[in-house]
Enquirer: 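Have a look at this one.
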Amino acid sequence: MCPLAPSDQLLVARIRRGEPEAWNELIARFEGRLLAFVEGRLGRRTAGEDVVQETFLGFLTSLPNFQDSRPLESYLFSIAAHKLTDHLRREGRRPTIPMTLGNTSGQWEPPARGRAVSSVARSGERRELEETAIVEALNQQIDRLRGRDEWEKLACLELLFVRGWANRDVATELKMTEQRVANFKFEFISRVRTLVRKQGLPEDVFPELHEEA
Amino acid sequence: MARQLTESDLEAYLDEALSVDMMSTVEQALRADAELVRKLAKINARRDAGVHSLGEIWRRHRLSCPTREQLGNYLLGVLDKSATAFVKFHLNVSGCRTCQANLDDLNTRHADEPSIVDSRRKKYFQSSAGHLSRRR
């Protein structure tokens, strides 16, 4: 998925200007998929509609902070996920997770080895720059795979990086050798690392790019 | 639980991004496993420190998700064989919750009476349009 599509950009601009027709259009376009997303978890239509209603309100409230670098659909889904989480917590279905570790400092500490200071406690602005750069690098690689019909490789990379599976498990699932998985991983990491370096980011920003294949 | 939960699974749990079945599995496990709660708190603390992971960015931006149009073509059975296999994999093995929601929506679009859909949309509009006009 790419950054905000031109048609979505226009729609958001019209909503920012306060055009009711544009707001109606956004609701009509997205409410069905948002309802399917929350209803799948809640199992109840009325509660699902309440969460979707809160999602649309949340979108308008957060509109001043919405950035065009993010696809509209994934932004709406992330608001729906927050609203759904709140709803499930209120119902007692979703356990509350502490925000700190309860250690003496109450702070998260990076792993001692191989983690540079520059990767810790970065500012929001810095974080956004890094995110934009890595999205661009990953998009280039994923588009390349799609263009070459290398779907098996894309599936392998999804399991490795999005699901965090071990090479062995990926190999079993996709019925390929572990060596082949390791080769795909190595090749992908090398390419993304080069792209990240070209964008002037410190190489230690994403530890996953420095793991052994 | 057949497969041990990975750090990425736990990140996805916090973002409400796992498949519905996996979400329930993690919720059940959390009630009995203090170590799992500690792992989730660690992820929260890392995020709080501004450190992100490649996997969560990939998922948040839906970088390898099929488009809605491709999902529609998948439902119609007009995608080519290898792309169809990937969509199936993405839904069933990767367990992409957002794509599943899109697919469910496309699948059931005509199931609801138009008048029910219309009144639902009106309800959303009427409860939020006030916030829209205040931005003018």
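Here is how names work: the chains are called A, B, and so on, in the same order as the sequence lines, proteins then strands, and each is numbered from 1.
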Enquirer: Spell out, as yes or no, whether a donor-acceptor pair under 3.5 Å connects the side chain of Arg16(A) to the backbone of Leu63(A).
Expert: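 Indeed, once roles are kept as given, a pair shorter than 3.5 Å links the two residues.
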Enquirer: For the CZ atom of Phe161(A) and the CG atom of Leu63(B), what is their distance to the nearest 0.5 Å?
Expert: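 It comes to 12.5 Å.
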Enquirer: Under 4.5 Å heavy-atom distance to chain A, tell me which part of Arg31(B) shows up: side chain, backbone, both or neither.
Expert: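 It is the side chain, since no backbone atom gets that close.
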Enquirer: In terms of heavy-atom proximity below 4.5 Å to chain A, should Leu103(B) be classed as side chain, backbone, both, or neither?
Expert: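 Answer is neither: Leu103(B) stays 4.5 Å or more from chain A.
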Enquirer: Identify which of Val20(B), Asp118(B), Val117(B), Asp105(B) forms the greatest number of heavy-atom pairs closer than 4.5 Å to chain A.
Expert: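 The option with the most such pairs is Asp105(B).
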Enquirer: Checking heavy atoms, do the side chain of Arg120(B), its backbone, both or neither come under 4.5 Å from chain A?
Expert: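 Side chain of Arg120(B) only, per the 4.5 Å heavy-atom cut-off to chain A.
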Enquirer: What residue among Glu39(A), Glu49(A), Glu91(A) forms salt bridge (charged side-chain N to carboxylate O under 4.0 Å, His left out) with Arg44(A)?
Expert: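 Going through Glu39(A), Glu49(A), Glu91(A) one by one, the salt bridge (charged side-chain N to carboxylate O under 4.0 Å, His left out) with Arg44(A) is satisfied by Glu91(A) alone.
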Enquirer: Taking 4.0 angstrom as the limit, do Glu31(A) and Arg121(B) come out as a salt bridge?
Expert: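 Result for this pair is yes, salt bridge flagged.
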Enquirer: What residue in Ala85(B), Ala83(B), Ala12(B) has the most heavy-atom pairs under 4.5 Å with chain A?
Expert: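 Of the options given, most contacts go to Ala83(B).
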Enquirer: Counting only heavy atoms closer than 4.5 Å, note whether Val52(A) contacts chain B via side chain, backbone, both or neither.
Expert: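 Both backbone and side chain of Val52(A) come within 4.5 Å of chain B.
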Enquirer: Any chance CZ of Arg90(A) has more than 12 other-residue heavy atoms, nucleotides or ligands included, within less than 6.0 Å?
Expert: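 More than 12 heavy atoms, drawn from other residues, nucleotides or ligands, come within 6.0 Å of this atom.
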Enquirer: Given the options Ala17(B), Gly55(B), Ser127(B), which has more heavy-atom pairs under 4.5 Å with chain A than any of the others?
Expert: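 Option with the top pair count is Ser127(B).
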Enquirer: Do Arg59(B) and Asp15(B) meet the salt-bridge criterion of a basic N to acidic O distance under 4.0 Å?
Expert: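 Counted as a salt bridge, because a side-chain N and a carboxylate O are separated by less than 4.0 Å.
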Enquirer: Looking only at heavy atoms and a cut-off of under 4.5 Å, which of Glu7(B), Lys123(B), Glu11(B), Gln100(B) has the most pairs with chain A?
Expert: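 Counting heavy-atom pairs under 4.5 Å, the top option is Lys123(B).
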Enquirer: Among Leu18(B), Asp104(B), Asp9(B), Leu106(B), which has the most heavy-atom pairs under 4.5 Å with chain A?
Expert: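 The option with the most such pairs is Asp9(B).
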Enquirer: Below 4.5 Å from any heavy atom of chain A, which atoms of Leu54(B) appear? Answer side chain, backbone, both or neither.
Expert: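 Looking at Leu54(B), backbone and side chain both touch chain A.
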Enquirer: Side chain from CB out, backbone as N, CA, C, O: work out which of these in Tyr124(B) comes under 4.5 Å of a heavy atom of chain A, or both, or neither.
Expert: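 Contact with chain A involves both backbone and side-chain atoms of Tyr124(B).
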Enquirer: Side chain, backbone, both or neither: which part of Phe86(B) has a heavy atom under 4.5 Å from chain A?
Expert: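 Phe86(B) touches chain A through side-chain heavy atoms alone.
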Enquirer: If you count the non-hydrogen atoms of other residues, nucleotides and ligands that lie under 6.0 Å from CD in Glu113(B), is the total more than 12?
Expert: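 Check fails, neighbour count at 12 or below.
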